[in-house]
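Before any comments, here is the structure.
Reckoned from all heavy atoms, side chains included, excluding hydrogens, waters and symmetry mates. Positions are given from 1 along the sequence.
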Amino acid sequence: MAEDRTNWLNLADKFAEEGDPRGMRACARELWEGSARGKLEGAAVMAEAALYTNSLDEAASLADEILRQQPGHLRARLVKAGVAAKQFELGDEISLLRDIVQEAERKRQALDPSDAYYATLVNLLRKARGWLADALYLAADPQGAAENLLARSELAEDDRPMERAMFYSKYLFMRNYREQPVREARRAAEHCAEILPVKPFVHAPRQSALERKLRVGYLSPDFREHAVANFTAPLLFDFDPARFSVHVYHTGRRDAVTKRFQKAPVKWTNLAGRIPRTAARMIYEDQLDILVDLSGHTQGSCLPIMAYRPAPVQVSGIGYMNTTGLPAVDYFLSDEICLPSGDRAAADGFTERILRLPHTHLCYAPDIVHAMPEAGTEAPVYRNGYVTYASFNNFAKLTDTVLLLWRGILEQVPGARLLLKGKTASVPSGQALLRERLRKLNFDLSRVEFRPYSPDYLEQYRDVDIALDTMPYTGGLTTCEALYMGVPVIAMRGRSHGARFGASILQNAGVAELLLENDVSYVRRAVQLGKSPELIGAYHSGLRANLRKSSLMNRKQYMRELEQGYMQIWTRAFASGGSSPNGDI
């Protein structure tokens with residue numbers, strides 16, 4: 001009888017994974033036909049199905065009744081956590097999920113894997129770990145989120161390597177919010193290779209690219225309204241058609257931005273919904289010379305496709321800030337500022353060779369994604385009588401070290417305000433968590449304003465005098481947008497590729513004076529600028545025009561340098577019989 005019950009519970013979990021609440025309800029009815037224990041389990045499955053259909057009153061009512069009869073019931077508590085999440089009660093959700101994970105892990109350790117209930121318990125633990133990771137990320141706790149993503153990856157079944165790889169990839173991404181030691185990056189890279197055990201395609205020797213066009217492909221889930229799309233237009237519209245043919249492989253959803261990209265003179269292939277091997281086969285049949293992944297370890301990662309090596313030379317870059325760790329990726333795209341030629345330590349964590357551009361490895365080209373609003377020509381300090389510092393970066397980037405630097409800036413600039421805008425501030429419970437964190441760091445909360453994310457966020461830069469960059473995970477698109485809206489950005493040069501994004505952007509934007517080398521200089525420059533309204537005003541009136549003339553937005557220069565890099569790595573590969581030799585570019 002117990003085995004029948006667990007079979008129905010496991011089937012209900014399978015339906016949940018497939019997004020089929022009707023199937024879950026059918027399992028619930030079967031459970032109701034059994035013992036008193038079965039009736040409770042059936043009610044819990046019914047409550048979970050109600051949660052997934054947004055029938056929150058039904059879900060909460062059923063869960064409350066189960067917990068009245070059995071206060072420790074794990075699935076009912078999981079439903080309560082899900083209801084809290086749907087109602088944006090972030091603190092309650094995190095507290096419930098932490099308790100569930102702790103108890104479920106304790107029970108799992110005590111159970112023999114052959115026990116009929118073991119699989120049911122693991123299914124529940126997978127959900128709790130995944131949900132908790134999402135909640136902690138929203139609550140600006142990337143370290144806690146990373147720990148749960150790693151644990152979730154390890155809970156994947158042995159015959160589901162892609163699931164294990166997906167959660168491990170999310171773990172690697174989350175680790176970038178807090179700088180990774182080189183040794184850990186290498187260990188992570190080795191593990192990443194182990195969990196994608198695939199047989200790569202074999203490539204016949206190709207004709208020299210000196211005698212024909214070089215075939216380059218771009219692979220991404222983000223040819224749509226997405227941060228990465230602000231840097232991909234030059235790749236599709238500004239290549240040299242006499243020397244290159246371009247193929248685009250889109251694995252994500254389509255929207256109005258996708259339709260604009262599809263007007264480019266490229267061969268477009270929609271790979272959405274294809275399993276990695278099928279997608280790789282379709283790319284392989286196009287006989288590319290170079291395939292460029294624009295996702296790395298980000299949401300919807302294309303690395304499982306790259307693992308099959310559908311092209312003889314493979315590159316990753318733009319969309320991700322660290323090594324992929326995948327042996328099938330030959331090169332990582334960077335530049336002389338993020339990874340200087342003479343700085344071997346900075347590149348030591350990379351399993352890829354470095355394709356290094358002389359100026360910038362990304363070109364800011366936002367017009368295909370947004371109709372960009374006019375920049376405010378008058379600095380708000382003139383109308384407010386005080387300086388407004390701000391950060392529109394993801395709150396997960398706000399380390400205690402960064403916040404203490406910002407507190408120091410406010411303390412030295414009389415009357416100054418700090419504006420923090422992001423998704424965490426979009427819900428009262430998120431704001432409450434942030435306020436409590438700042439209170440513990442002795443912030444004067446009367447000088448801090450929280451604003452929720454909103455579609456008009458670009459226009460809200462007109463309320464900002466000076467933007468403050470984060471570290472070690474710096475702003476990318478956020479920094480570009482602030483500069484384009486006429487707002488100067490104070491940034492610090494870090495020690496790794498990801499920590500030098502801001503340095504590359506500011507230097508290529510022609511405002512290297514805003515780039516600092518250490519904490520003390522960062523605070524000093526922010527204070528000096530905050531006490532110079534005339535200089536703030538000069539930035540606000542002239543930044544956009546200067547940015548348009550800079551290397552950061554020079555599409556022709558960027559593509560000329562990038563395509564020269566492509567020719568170099570292909571020539572090297574061709575000379576070595578189709579495999580990439582040692583040495584960076």
Exercise. On the 0 to 90° scale, with breaks at 30° and 60°, tag the F173-Y320 ring pair as parallel, tilted or perpendicular.
Key: tilted
Quiz item: Is there a side-chain contact between V369 and E225 (heavy atoms, below 4.5 Å)?
Solution: yes
Practice problem: Examine distances only and state if a side-chain atom of T399 and a backbone atom of V402 form a donor-acceptor pair shorter than 3.5 Å. | Solution: yes
Self-check item: Salt-bridge contact D469-R493 (side-chain N to carboxylate O under 4.0 Å)
Solution: no
Quiz item: Can you tell me if CD on Q102 sees more than 12 non-hydrogen neighbours from other groups inside 6.0 Å?
Solution: no
Quiz item: Among I536, D465, V487, whose side-chain contact (heavy atoms from CB on, under 4.5 Å) with P380 holds?
Solution: D465
Quiz item: Would you say the side-chain atoms of S551 and T360 include a donor-acceptor pair closer than 3.5 Å?
Solution: no
Exercise. Hey, could you give me the OG/CD1 distance between S521 and I490, rounded to the nearest 0.5 Å?
Key: 11.0 Å
Exercise. Look at atom CG of D456 and say whether more than 12 heavy atoms of other residues, nucleotides or ligands are closer to it than 6.0 Å.
Key: yes
Exercise. Keeping the roles fixed (side chain from R129, backbone from S153), state whether a donor-acceptor pair exists under 3.5 Å.
Key: no
Exercise. Sequence neighbours left out, what passes salt bridge (charged side-chain N to carboxylate O under 4.0 Å, His left out) with R439? Give chain and number order.
Key: E436
Exercise. Considering non-hydrogen atoms only, spot the tightest contact between S301 and G296 and give its length.
Key: OG-O, 2.7 Å
Quiz item: Under 3.5 Å, is there a donor-acceptor pair between the side chain of R383 and the main chain of V381?
Solution: no
Self-check item: Pairing of D240 and R560 as salt bridge, 4.0 angstrom limit
Solution: no
Quiz prompt | Heavy-atom pair of closest approach, residues G486 and A375 | solution = N-CB, 4.3 Å
Quiz item: From D519 CG over to L405 CG, what is the distance, rounded to the nearest 0.5 angstrom?
Solution: 4.5 Å
Quiz item: Is there a side-chain contact between V489 and E481, using heavy atoms and a 4.5 Å cut-off?
Solution: no
Quiz item: What heavy-atom pair brings A81 and E93 nearest, and what distance separates the two atoms?
Solution: O-CG, 3.7 Å
Quiz item: Quick one: do the D255 and T258 side chains pair a donor with an acceptor below 3.5 Å?
Solution: yes
Practice problem: Let me see the working for Y137 and N394 under side chain to side chain contact (heavy atoms under 4.5 Å, CB included), right down to the final yes or no. | Solution: CA-CA 10 Å; Y137 179 51; N394 187 324; 2.7 Å; yes
Quiz item: Under a 4.5 Å cut-off applied to non-hydrogen side-chain atoms, are S504 and E336 in contact?
Solution: no
Self-check item: Side chain K170, main chain Q299, donor-acceptor under 3.5 Å
Solution: no
Self-check item: Interatomic spacing from CD in Q431 to OG1 in T424 - rounded to 0.5 Å
Solution: 10.0 Å
Quiz item: Checking R356 side chain against L339 main chain: does a donor-acceptor pair fall under 3.5 Å?
Solution: yes
Quiz prompt | Any L132 side-chain heavy atom under 4.5 Å of R152 side chain | solution = no
Quiz item: Can you name the residues that form a ring pair (Phe, Tyr, Trp, His ring centres under 6.0 Å) with F392, not counting sequence neighbours?
Solution: Y461
Quiz item: Can you find a pair of side-chain heavy atoms, one from S220 and one from H226, that are under 4.5 Å apart?
Solution: no
Quiz item: What are the two closest non-hydrogen atoms of R500 and P340, and how far apart are they?
Solution: NH1-CD, 3.2 Å
Quiz item: Side chains of Q460 and S454: do they bring a donor and an acceptor to under 3.5 Å?
Solution: yes
Exercise. Kindly indicate, with the supporting measurements, whether the criterion side chain to side chain contact (heavy atoms under 4.5 Å, CB included) is fulfilled by M321 and Y473.
Key: CA-CA 9 Å; M321 71 298 294; Y473 191 168; 3.0 Å; yes
Quiz item: Do you know which two heavy atoms are closest between S391 and W406, and how far apart they sit?
Solution: CB-CH2, 3.4 Å
Exercise. Could you tell me whether the side chain of Y364 and the main chain of Y484 form a donor-acceptor pair under 3.5 Å?
Key: no
Quiz item: Is the count of non-hydrogen atoms from other residues, nucleotides or ligands lying under 6.0 Å from E513 atom CD greater than 12?
Solution: yes
Self-check item: pair L333-V292: side-chain heavy atoms closer than 4.5 Å
Solution: no
Practice problem: Report yes or no: does S429 contribute a side-chain atom to a donor-acceptor pair with the main-chain N or O of F88 at less than 3.5 Å? | Solution: yes
Exercise. Starting from the C-alpha separation in whole Å, work towards a yes-or-no answer on salt bridge (Lys or Arg N to Asp or Glu O under 4.0 Å) for D400 and R407.
Key: CA-CA 10 Å; D400 284 354; R407 191 194 74 185; over 6 Å; no
Quiz item: Does NZ or CZ of R435 come closer than 6.0 Å to the centre of the six-membered ring of F450, within 45° of the ring's axis?
Solution: no
Quiz item: Where do L235 and M559 land on the side chain to side chain contact (heavy atoms under 4.5 Å, CB included) test, with the steps shown first?
Solution: CA-CA 7 Å; L235 307 176; M559 289 306 300; 4.0 Å; yes
Quiz item: Are the side chain of S541 and the backbone N or O of A538 linked by a donor-acceptor pair below 3.5 Å?
Solution: yes
Self-check item: More than 12 heavy atoms of other groups within 6.0 Å of K86 NZ
Solution: yes
Practice problem: Say whether, by atom type as modelled, one donor and one acceptor occur between the side chain of R178 and the main chain of Q143 under 3.5 angstrom. | Solution: no
Quiz item: Do L56 and L51 come close enough that some side-chain heavy atom pair is under 4.5 Å?
Solution: yes
Quiz item: Between CG of L404 and CG of N442, what distance do you get to the nearest 0.5 Å?
Solution: 8.5 Å
Exercise. Test side chain to side chain contact (heavy atoms under 4.5 Å, CB included) on M492 and L515 and set out the steps.
Key: CA-CA 6 Å; M492 190 161 66; L515 174 63; 5.8 Å; no
Quiz item: Is a side-chain donor or acceptor of D64 paired with a backbone partner of S61 at a separation under 3.5 angstrom?
Solution: no
Quiz item: Do the two ring centres, one from F332 and one from H497, sit under 6.0 Å apart?
Solution: yes
Quiz prompt | Gap separating the CD atom of E58 from the OG1 atom of T53, nearest 0.5 angstrom | solution = 6.5 Å
Quiz item: Can you find a pair of side-chain heavy atoms, one from L78 and one from W131, that are under 4.5 Å apart?
Solution: yes
Exercise. With F223 as reference, evaluate Y249, Y218, W268 under the ring pair (Phe, Tyr, Trp, His ring centres under 6.0 Å) test and give the passing residue.
Key: W268
Self-check item: Smallest separation among heavy atoms of M485 and L458, with atom names
Solution: CE-O, 3.4 Å
Practice problem: Could you tell me whether H361 and F501 have their ring centroids closer than 6.0 angstrom? | Solution: yes
Self-check item: SB check R98 D141 (cutoff 4.0 Å)
Solution: yes
Quiz item: Once you round to the nearest 0.5 Å, how far does CG of L357 lie from OG of S334?
Solution: 8.0 Å
